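Note on naming: letters A, B, ... go to the chains in the order of the sequence lines (proteins, then strands), and numbering restarts at 1 for each one. If you're wondering where the values come from, they're calculated on a predicted model, not measured in any experiment.
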2 protein chains.
Amino acid sequence: MQTKEIEQYLESHGIKPSYHRIRIFLYLETRKNHPSADQIFQDLLKEIPTLSKTTVYNTLKLFLEKGVVIEILIHEKETRYDADTSMHGHFECMNCNQITDINMDDTGLHFKKLEGFKVSESHFYFKGLCPVCLGSSDKRIIINNKK
Amino acid sequence: MQTKEIEQYLESHGIKPSYHRIRIFLYLETRKNHPSADQIFQDLLKEIPTLSKTTVYNTLKLFLEKGVVIEILIHEKETRYDADTSMHGHFECMNCNQITDINMDDTGLHFKKLEGFKVSESHFYFKGLCPVCLGSSDKRIIINNKK
DNA sequence: ATATTTGCAAATAATTTGCAGTCGA
DNA sequence: TCGACTGCAAATTATTTGCAAATAT
């Protein structure tokens, strides 16, 4: 997305497109790295030295309320964020902690409506070892990196 | 499960069945209420006044490592625990915060293996309103209780 | 000029850790 | 007796809050 598009996208969701908001959304949009609030803060701080962590938290909270990002509750310690709000799953590598998008069609996953419930969010995630860490010839990193 | 069975179950998973460990496992087993560490602590404190929260945390960590409980990462604030380690989903009501087990067969959910990944855990959860809160004639509680 | 956005510093809350006392085989 | 289990208190860490300063319309 271009900056112009992001402005429109945010506005269409009732978010005034301030400079910091655009930059944070752009970050999520382009990196697609499912970062924590702190990762966003640390990375953007290099480019925007005046940025404060409170603003990151404020912005993420607003984005969440307005539905332009979703929370990924996959890591015990910290919430991760995703600007892709379409239905998809996630995989967290227990070795490198990278989070990968999982296309639902690829998994063949589907489910019917839950009787009697009003479902507003559906999430699914997996944990294990990603192809990169699996393929590593040095298996020690898998053991040593254990949290 | 009887206390005797729990002792055997814990031992078979490499856990020495101390009094507190048995009581905590029994709590999870019988209530099936997907509690937080604090909920377990508060409830058991009434019956075991000498219990400390550290012991609850220690025990849950051990249970997790030994695979007799799973973590439910569905609530942003706190980790919930489940002694049912079989594959099943969860539903968190955004009104009453109750967590309900979802039988995978009921949802028709299934998925094929993820190519190239070594999957050791699969989780899925839903959020929305449960039948009880949906059926309530006083809709205000749904609005007022909003976190 | 007026409402919104930002940011510092302090507060909160879940969880972890260090360490000493206690208990059970 | 000896190592495992327990628990207090302090530390850590992610997140939130109060409020004042900066900014935008």
Closest-nucleotide ordering on DNA chain D, the 5'-leading residue of A:Glu78 and B:Leu51: B:Leu51
Candidate nucleotides C:dC8, D:dG7, C:dT5, ranked by approach to the side chain of B:Ser52 - the nearest: D:dG7
Whole angstrom value for the distance that separates P of C:dT15 from CD of B:Gln39: 11 Å
Parallel, tilted or perpendicular, as decided by the 30° and 60° cut-offs, for the rings of A:Phe91 and B:Phe117: tilted
Donor-acceptor pair between A:Glu121 and A:His123 side chains, under 3.5 angstrom: yes
Sugar-phosphate only, base, or nothing, as touched by B:Thr79 at under 4.0 Å among non-hydrogen atoms: sugar-phosphate
Under-4.0 Å salt bridge between B:Glu11 and B:Lys4: no
Selected nucleotide, minimal atom distance to B:Tyr57 side chain, candidates C:dA9, D:dT15, C:dT15: C:dT15
Nearest-Å distance for atom pair CG/P, residues A:Leu60 and D:dA14: 14 Å
Whole angstrom value for the distance that separates C1' of C:dT5 from CZ of A:Arg23: 17 Å
Length of the line joining B:Asn58:CG and C:dC19:C1', which is rounded to integer Å: 13 Å
Interatomic distance, B:Leu73 CG vs D:dA14 P [rounded to whole Å]: 16 Å
C:dT6 phosphate, OP1 or OP2, under 4.0 Å from A:His20 side-chain N/O: yes
Length of the CG-C1' vector between A:Leu44 and C:dG7, whole Å: 16 Å
Under-4.0 Å side-chain N/O to phosphate OP1/OP2 contact, A:Ser18 with D:dT23: no
Spacing of B:Lys53 atom NZ relative to D:dA10 atom C1', expressed in whole Å: 15 Å
Residue A:Arg21, side-chain atoms from C-beta onward, closest of D:dA14, C:dT5, C:dG7: C:dT5
Touch class at under 4.0 angstrom, heavy-atom based, for A:Thr50 against every strand present: sugar-phosphate
Nearest-nucleotide 5' precedence on DNA chain D, B:Thr55 against B:Lys77: B:Thr55
Distance-only donor-acceptor check, side chains A:Ser36 and A:Asp38, under 3.5 Å: no
Interatomic distance where CD1 belongs to A:Ile40 and C1' belongs to C:dT6 [whole Å]: 17 Å
Identified side-chain contact (heavy atoms from CB on, under 4.5 Å) counterpart of A:Val69 within the set A:Ile24, A:Leu28, A:Asp82: A:Leu28
